[in-house]
Amino acid sequence: MAYLAWAQVGVRARQARALSDGEPAGGRSSGGRQFCEDPGLPYRYERSSDAATLAREHAGMAAGEESAERESVAGRVMLVRPQGRIAFATLRDSSGEIQLFAKAGETERFDEFARLSIGDWVGASGRIVKTRKGELSILVESFEMLAPAGRSFGDKWRGITDVELRYRRREVDLWANEEPRRVLTLRSNVIAATRSFLQERGFVEVETPMLHPIPGGALARPFVTHHNALDTDLYLRVAPELYLKRLVVGGFERVFEIGRVFRNEGISPRHNPEFTILELYQAYADYGDLMTLTEELVSSLAVGLLGTTSVICDGRTVELSAPWERTTLMKLVSGACGFEVSLDTPRERLEEALRNAGGLSRASDGAGKLILEIYEKACESGLTGPVIVKDFPVEVSPLARRHRDNPALTERFEVVIAGRELANAFSELTDPDDQRARFEKQAAARAAGDVEAMAVDEDYIRALEYGLPPTAGLGIGMDRLVMLLAGAASIRDVIAFPTLRPVPPAG
RNA sequence: GCGCCUCUAGCUCAAUUUGGCAGAGCGACGGACUCUUAAUCCGCAGGUUCGGGGUUCAAGUCCCCGGAGGCGCACCA
């Protein structure tokens with residue numbers, strides 16, 4: 001009975017498709033509604049195998065050979081090649097592709113099979129054969145329309161290539177293009193492998209609030225939202241850092257969180273307003289321990305997921321195997337300036353060096369900020385790495401512990417690969433009084449108009465007063481890590497649905 | 001925010017250095033075809049050339065304003 005209904009559905013699908021992509025409500029809604037109401041479409045389909053399994057099991061079959069084995073598969077029609085009394089269709093499921101081969105004499109409802117369209121979801125069953133040309137196929141005995149495609153999927157060979165359309169209609173991009181499927185699958189594997197890497201080392205995965213009364217943990221402009229029942233503004237988190245360290249205070253000695261953070265800043269090929277960060281905290285460890293951990297994590301991901309530690313990023317070949325080069329911020333900046341730089345370097349010399357690097361100083365900038373700016377302008381993008389850049393000024397590191405050999409610096413490092421910051425880590429500041437002083441300095445900058453500066457977080461200071469053991473913390477931008485491993489040029493390629501400007505309402 | 005570039009049929013793209021009837025392929029629709037691989041062949045339909053204004057006998061094309069997007073810079077991860 002179902003197939004009679006389908007014959008009508010199919011026709012409607014094609015009518016809808018002709019109008020489809022132009023958005024106007026007419027074609028879409030009339031087409032779509034009828035699909036939903038049609039009682040002929042099945043609720044489930046029982047498969048016996050999938051494309052990749054069948055290909056593996058029948059690798060040895062000879063061209064023209066016909067097996068008696070009967071299998072059923074389901075997937076999306078990628079191509080149809082009707083040819084009179086026979087017809088071929090390429091079916092894709094999540095494992096791969098397999099050909100459906102229909103014959104008028106052997107396939108029930110052959111005429112309907114021959115009228116399948118690109119994008120239709122079908123289930124089909126029949127014997128496994130190899131065609132005379134050697135293509136593994138299912139000689140279809142019966143098939144079912146699972147869902148007709150009511151909209152065009154673009155050019156059958158090229159799909160859609162318009163960059164904006166690819167991100168706006170990611171379902172079409174994923175359907176039509178191999179690369180986004182590969183990249184998003186790799187992303188899933190990177191996240192999963194990172195979890196198991198950390199769990200094997202005794203880290204406990206936790207979840208901390210995304211709605212913060214005070215945004216903290218990073219220098220960034222937050223999104224503001226409002227809770228009605230509490231009648232209070234809340235901020236989408238810019239980092240989970242402070243809550244994670246409070247868990248360490250509470251006795252979780254090794255914790256991590258992989259989650260979304262939100263920063264109300266510009267959008268670029270390397271920045272999305274929401275992105276996924278890994279943060280981990282390890283008690284009784286210092287930043288040197290995390291240098292090793294970071295090297296191991298990144299190189300083991302590369303080996304496990306790519307089979308190599310050599311990746312190409314931005315046209316640069318990067319060797320990810322440990323150990324990585326280690327240097328200090330002061331050494332890099334001194335090299336760029338051509339003279340020895342320290343926090344005692346006269347301000348005029350630093351300002352001049354920053355100007356030479358193409359940056360502008362602000363009156364509120366101290367020596368530490370100026371040195372960091374010089375580094376970012378003159379050094380960072382030229383570092384192929386991986387390189388561990390150590391020992392940042394206190395002024396630009398409000399949550400990091402002072403360096404054991406120089407209290408004007410902190411025990412903080414960043415990892416730079418292919419000119420981009422991948423990770424940021426430090427020995428955590430444990431002294432509540434120092435933390436309060438640093439917060440107050442931030443708050444002063446905030447009052448002076450720095451929208452990225454932190455506010456004083458009393459809850460966090462109180463937590464430190466209960467006692468934070470010596471602890472080291474690490475943050476890694478997972479999107480950037482996936483970009484590195486996938487060789488992706490844009491962060492949008494590694495995010496399923498990147499932030500786009502909403503389409504203005506029609507009319 | 002600034003600079004450069006892009007926008008034509010559902011999709012991918014043409015439309016002469018120097019303005020002259022808006023076209024093709026794919027897809028859709030109708031038909032032929034028993035081993036195809038982006039099948040092939042015949043036929044048919046499909047357009048606010050991103051929007052608005054201007055110059056001109058005539059604008060997809062030239063000029064101005066606006067919109068959206070991409071890239072670079074700036075800010076950041």
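The partner of B/G30, taking Watson-Crick or G-U wobble pairs whose two distances both stay under 3.5 Å, is B/C42. In a base pair of the Watson-Crick type (N1 to N3 plus N6-O4 or O6-N4) or a G-U wobble (N1-O2 and O6-N3), with each distance short of 3.5 Å, B/C7 is matched with B/G67. Checking B/U17 for Watson-Crick or G-U wobble geometry (two distances, each under 3.5 Å) identifies no partner in any strand. Under the Watson-Crick or G-U wobble criterion, with both distances below 3.5 Å, B/G72 is paired with B/C2. Under the Watson-Crick and G-U wobble criteria, each requiring two contacts below 3.5 Å, nucleotide B/A24 is paired to B/U12. As the counterpart of B/U37, no nucleotide is assigned, since no Watson-Crick or G-U wobble pattern has both distances under 3.5 Å. B/C62 is paired with B/G54 under the Watson-Crick or G-U wobble criterion, all donor-acceptor distances under 3.5 Å.
Using a 4.0 Å heavy-atom distance criterion, A/R420 is classed as making no nucleic acid contact. Among the protein residues, A/K130 comes within range of no part of the nucleic acid, since none of its heavy atoms lies under 4.0 Å from any strand. If you check every strand for non-hydrogen atoms under 4.0 Å, A/Q83 touches a base. Within the nucleic acid shown, A/V129 has no heavy atom closer than 4.0 Å to any nucleic acid atom. Among the atoms of the strands shown, base atoms are found under 4.0 Å from some heavy atom of A/G84.
For A/K103 and B/C33, the shortest distance from a side-chain N or O to OP1 or OP2 is not below 4.0 Å. When the side-chain nitrogen and oxygen atoms of A/R81 are compared with OP1 and OP2 of B/A39, one or more of them lie within a distance under 4.0 Å. Taking only side-chain nitrogens and oxygens, A/T276 never comes nearer than 4.0 Å to OP1 or OP2 of B/A77. Taking side-chain N and O atoms only, A/S117 has a distance below 4.0 Å to OP1 or OP2 of B/A28.
Taking the side chain of A/S490 as heavy atoms from C-beta on, and the options B/C73, B/C71, B/A38, the nearest nucleotide is B/C71. Comparing B/G69, B/C13, B/U34 by their nearest atom to the side chain of A/T161 picks out B/C13. Among the nucleotides B/A77, B/C11, B/C75, the one closest to the side chain of A/E421 is B/A77. With distances taken from any side-chain atom of A/L79 to the nucleotides B/A68, B/A38, B/A77, the minimum falls on B/A38. Taking the side chain of A/I86 as heavy atoms from C-beta on, and the options B/G69, B/C35, B/U37, the nearest nucleotide is B/C35. Of the candidates B/U12, B/A68, B/U37, the closest approach to any side-chain atom of A/I160 belongs to B/U12. Of all nucleotides listed (B/U37, B/A38, B/A77), B/A77 comes nearest to the side chain of A/I491. Among the nucleotides B/C35, B/U37, B/C11, the one closest to the side chain of A/F101 is B/C35. Of the candidates B/C35, B/A74, B/C73, B/C73 carries the atom nearest the A/R270 side chain, counting heavy atoms from C-beta on. The side chain of A/D155 lies closest to B/C26 when the candidates are B/U37, B/C35, B/C26.
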Give each protein N/O atom lying under 3.5 Å from an N/O atom of nucleotides 40-42 of chain B, with the pair distance.
none

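Less than 6.0 angstrom separates the ring centroid of A/F143 from the ring centroid of A/F113. Residues A/F101 and A/F88 bring their aromatic ring centres within 6.0 Å.
Between the C1' atoms of B/C63 and B/U55, the separation comes to 7 Å (whole Å). Spacing between B/G43 and B/C7 at atom C1', rounded to whole Å, works out to 33 Å.
Under the 30°/60° scheme for interplanar angles, the aromatic rings of A/F153 and A/W175 are found to be tilted.
Note: CZ (A/R169) to P (B/A68) measures 18 Å, nearest angstrom. Spacing between atom CG of A/L136 and atom C1' of B/U37 amounts to 14 Å, rounded to whole angstrom units.
The ring of A/F88 does not lie on top of the base of B/A39; it is either too far (5.5 Å or more) or too tilted (30° or more).
Checked by atom type, the side-chain pair A/D493/A/S490 shows no donor-acceptor distance below 3.5 Å. In this model, no donor atom of one side chain and acceptor atom of the other lie less than 3.5 Å apart for A/N264 and A/Y235.
Under a 4.0 Å N-O distance rule, the pair A/E69/A/R127 does not qualify as a salt bridge. Taking a cutoff of 4.0 Å between a charged side-chain nitrogen and a carboxylate oxygen, A/R412 and A/E414 qualify as a salt bridge. Between A/R237 and A/E257 there is a salt bridge, since at least one side-chain N of the basic residue sits less than 4.0 Å from a carboxylate O of the acidic one.
Each of A/L54, A/I138, A/I98 was scored for a side-chain contact (heavy atoms from CB on, under 4.5 Å) with A/S49, with one residue passing: A/L54.
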